[in-house]
Amino acid sequence: MADAGRLERLERRVRELEEELARERGGRRPARARIDTMSPEVTDSNPYSRLMALKRMGIVKDYEKIRTFTVAIVGVGGVGSVTAEMLTRCGIGKLLLFDYDKVELANMNRLFFQPHQAGLSKVQAAEHTLRDINPDVQFEVHNYNITTLDNFEHFMDRISNGALEEGKPVDLVLSCVDNFEARMAINTCAPPLVVAANIDEKTLKREGVCAASLPTTMGVVAGMLVQNVLKYLLNFGTVSYYLGYNAMQDFFPTMSMKPNPQCSDHNCRKQQEIYKKKEAARPKQEVIEKEDEIVHEDNDWGIELVSETSEEELKAASGPVPDLPEGITVAYTIPEKEENLIMKETVAESEESLEELMAKMRNM
C-alpha cells in the first residue's frame, strides 16, 4: 500500500510538471492562486461571488459546505466531462475521475474536449482543463477499466476510502458510462438506478457504425444531473430521483422509484440495509406550523372589505341545494329558469330613411 501511494504521488507530480511545461509552451497565463475561504464579496476578481449569492437569497443555508464533499464520476465522456466541469466551477471539494478511453477528434461534437488534447487519456485531459478552471478543487484520476478484476478491487478501495479525509467513503458516485458491464460494477458499491433494454448494448457498437449524439442533449442531461447533485448535497429544493428526457418532444418524465427488497444482487440488498440504518439513525426534524401574524389588528382608519354583490343578487344567482350525504357539498348551484320571460322592449318601425335619421342625430 505504501508503494502504491508513493507511485500515485509521483504520477501526480509528473502531471503537474507536464501542466507547467504545457503552459510555458502555449504561452498561457499561470493559474490563479488558491482561495482558502469562499467570500460573498461582490467583486470582479471573486470567482465565488455569484455562487455565494444563493446564500444571501436564502436558497442555500451554507454554500461553503460544498468544499467538504467528494464526488466520484465514472465515465468522462460526453455527459461525465461536462458534469465534472460544472462541479468544478461550483467549487466541489474533490473529484475522482474514472475512465480508460482516449480523446479522439471524433469526440469534438462534445462540449468539453479540445482538438489539441487528441491522443491523451480522457482523465488526463480532463484534469488539465479542470485544474485551470478551479485550482481549489482536488483531483484524483484513474485511467483504467473498472470492470476487470484487479481494477475493480482498486476502484472499490478508492470509493470506500478516497474522500477528502483519506479512509472515508466518497459522498456520491455518478454513473456516466455507456455500457451495461460498467453499470453493474458501479451497482456493487453504490447502487444507482440501472435501466437496460432487453438487448446486448455491445450490438450498438460495430465497426464503421457510431451512435448519434448532439452536444445539446449531453449538456441538458449533465445539467439536470449536477442540479440534483447540488440539491442533494446542499439540502435545498426537491431532488428528482428519476428524471427522464425526451429530446424530440422536450418532455421530462419524472417519478419516484423504490429499490427492490427482493433484488437478486446480494450487494444491492446489502446497500439497502445500510441505507435503512442510516435513515433510522438520522434525527427527525419536527415541522412546526406557524400561524399567520395579524398585521394592523387595530383598524384606526375604519377600512372594511365590502362585497360588490348584494344578498339578493346572490340568492337570485343560486338554485336549490340537493340532498347529499353528510360530508359532501356542491361547489355551486344552478338557478331555476324563470317561467315568465320579461318581454324585451322593441323600437317602433319608422318610414324615415337612413339619411333622414342620420341628419336628426347630427342636429341633436
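When a residue number appears, it is its place in the shown sequence, counting from 1.
- Close placement of the Tyr245 and Phe252 rings is indicated, their centers lying within 6.0 Å of each other.
- Here the straight-line distance linking atom OH of Tyr144 with atom CG of Asp99 works out to 11.5 Å at 0.5 Å rounding.
- Note on Phe251: it does not cluster hydrophobically with Tyr242, by side-chain heavy-atom contacts below 4.5 Å among ILVMFWY residues.
- In this structure the side chain of Val141 never reaches within 4.5 angstrom of the side chain of Glu11, judged on heavy atoms.
- Nearest approach of Leu105 to Ala118, heavy atoms of both residues: CD2-CB, 4.2 Å.
- Remark: the backbone N or O of Lys360 is not paired with any side-chain donor or acceptor of Asn363 at under 3.5 angstrom.
- By the 4.0 Å N-to-carboxylate-O rule, Glu273 lies too far from Arg269 to be salt-bridged with it.
- Between Arg89 and Glu85 a salt bridge is recorded (basic side-chain N to carboxylate O distance below 4.0 Å).
- Using a 4.5 Å heavy-atom threshold, the side chains of Leu174 and Thr83 count as touching.
- Atom CG of residue Leu172 and atom CG of residue Leu96 lie 12.5 Å apart, to the nearest 0.5 angstrom.
- With rounding to the nearest 0.5 Å, the separation of CD in Glu153 from OG1 in Thr148 is 9.5 Å.
- Side-chain contact between Phe139 and Lys94: absent, with no pair of heavy atoms (C-beta onward) separated by less than 4.5 Å.
- Shown here for Glu41 and Ser49, the closest heavy-atom pair between the two residues is O-CB, 3.4 Å.
- Side-chain contact between Asn161 and Val170: absent, with no pair of heavy atoms (C-beta onward) separated by less than 4.5 Å.
- For the pair Lys231 and Thr238, the tightest heavy-atom approach, listed with the atom from each and the gap, is NZ-O, 2.6 Å.
- Around the CE atom of Met361, the shell of radius 6.0 Å holds no more than 12 heavy atoms that belong to other residues, nucleotides or ligands.
- Between Val74 and Ser175, every side-chain heavy-atom pair lies at or beyond the 4.5 Å cut-off.
- Once rounded to the nearest 0.5 Å, the distance linking OG1 of Thr88 with CG of Leu130 reads 4.0 Å.
- To the nearest 0.5 angstrom, Ile73 atom CD1 is 6.0 Å from Cys176 atom SG.
- Residues Leu95 and Ile133 fall within the same hydrophobic cluster, defined by Ile, Leu, Val, Met, Phe, Trp and Tyr side chains chained together at heavy-atom separations under 4.5 Å.
- Looking only at distances, a side-chain donor or acceptor of Ser121 sits under 3.5 Å from a matching main-chain atom of Gln124.
- Asn151 is not listed as a side-chain neighbour of Ile146, based on a closest heavy-atom distance of 4.5 Å or more.
- Of all the heavy atoms in Lys61 and Lys55, the pair that sits closest is O-CE, 3.5 Å.
- Within the 4.5 Å cutoff, the side chain of Thr147 has no heavy atoms near those of the Phe152 side chain.
- Using a 4.0 Å cut-off between charged side-chain N and carboxylate O, Lys122 and Asp101 make a salt bridge.
- Shown here for Ala33 and Pro135, the closest heavy-atom pair between the two residues is O-CG, 4.5 Å.
- Leu230 and Met224 fall into different hydrophobic clusters, where Ile, Leu, Val, Met, Phe, Trp and Tyr residues are linked whenever their side-chain heavy atoms come under 4.5 Å apart, directly or through other members.
- The same ILVMFWY cluster, assembled from side-chain heavy atoms under 4.5 Å apart, contains both Leu97 and Phe113.
- Two residues are said to be in side-chain contact when any heavy atoms from C-beta on lie closer than 4.5 Å; Arg67 and Asp136 meet this criterion.
- The closest donor-acceptor contact from the side chain of Glu127 to the backbone of Glu140 lies at 3.5 Å or more, if one exists at all.
- Within a 6.0 Å radius of CG in Asp44, no more than 12 heavy atoms belonging to other residues, nucleotides or ligands are found.
- A donor-acceptor contact shorter than 3.5 Å links the side chain of Asp171 to the backbone of Thr70.
- Both Tyr232 and Val71 belong to a single network of hydrophobic side chains, linked directly or stepwise wherever heavy atoms of I, L, V, M, F, W or Y lie under 4.5 Å apart.
- To the nearest 0.5 Å, atoms SG (Cys90) and OH (Tyr48) are separated by 10.0 Å.
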> Should Val220 and Thr217 be marked as a side chain to side chain contact (heavy atoms under 4.5 Å, CB included) after you check the CA-CA gap, both sets of side-chain angles, and the distance that decides it?
Replying inline: CA-CA 5 Å; Val220 169; Thr217 306; 5.9 Å; no
>> Set out, in order, the CA-CA distance, both residues' side-chain angles and the distance that settles side chain to side chain contact (heavy atoms under 4.5 Å, CB included) for Val173 and Ile159, then state yes or no.
In response: CA-CA 8 Å; Val173 179; Ile159 294 299; 4.0 Å; yes
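- There is a side-chain donor-acceptor pair under 3.5 Å between Thr129 and Gln117.
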>> For a side chain to side chain contact (heavy atoms under 4.5 Å, CB included) check, start with the C-alpha distance between Val14 and Leu17, then their side-chain angles and the critical distance, and finish with the verdict.
In response: CA-CA 5 Å; Val14 169; Leu17 293 173; 5.6 Å; no
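- Residues Val76 and Ala126 approach most closely at CG1-CB, 4.0 Å, considering heavy atoms.
- Atom CE of Met108 is surrounded by more than 12 heavy atoms from other residues, nucleotides or ligands within 6.0 Å.
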>> Assess the residue pair Met218 and Val82 against the criterion (side chain to side chain contact (heavy atoms under 4.5 Å, CB included)); give the C-alpha distance rounded to whole Å, side-chain angles, the decisive distance to 0.1 Å, and a yes or no.
In response: CA-CA 8 Å; Met218 290 177 281; Val82 181; 5.6 Å; no
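- Ion pair Glu165/Lys168 flagged as a salt bridge, since at least one NZ, NE, NH1 or NH2 atom sits closer than 4.0 Å to an Asp/Glu carboxylate oxygen.
- Taking the six-membered ring for Trp and thresholds of 30 and 60 degrees, His142 and Phe98 have nearly parallel ring planes, at less than 30 degrees apart.
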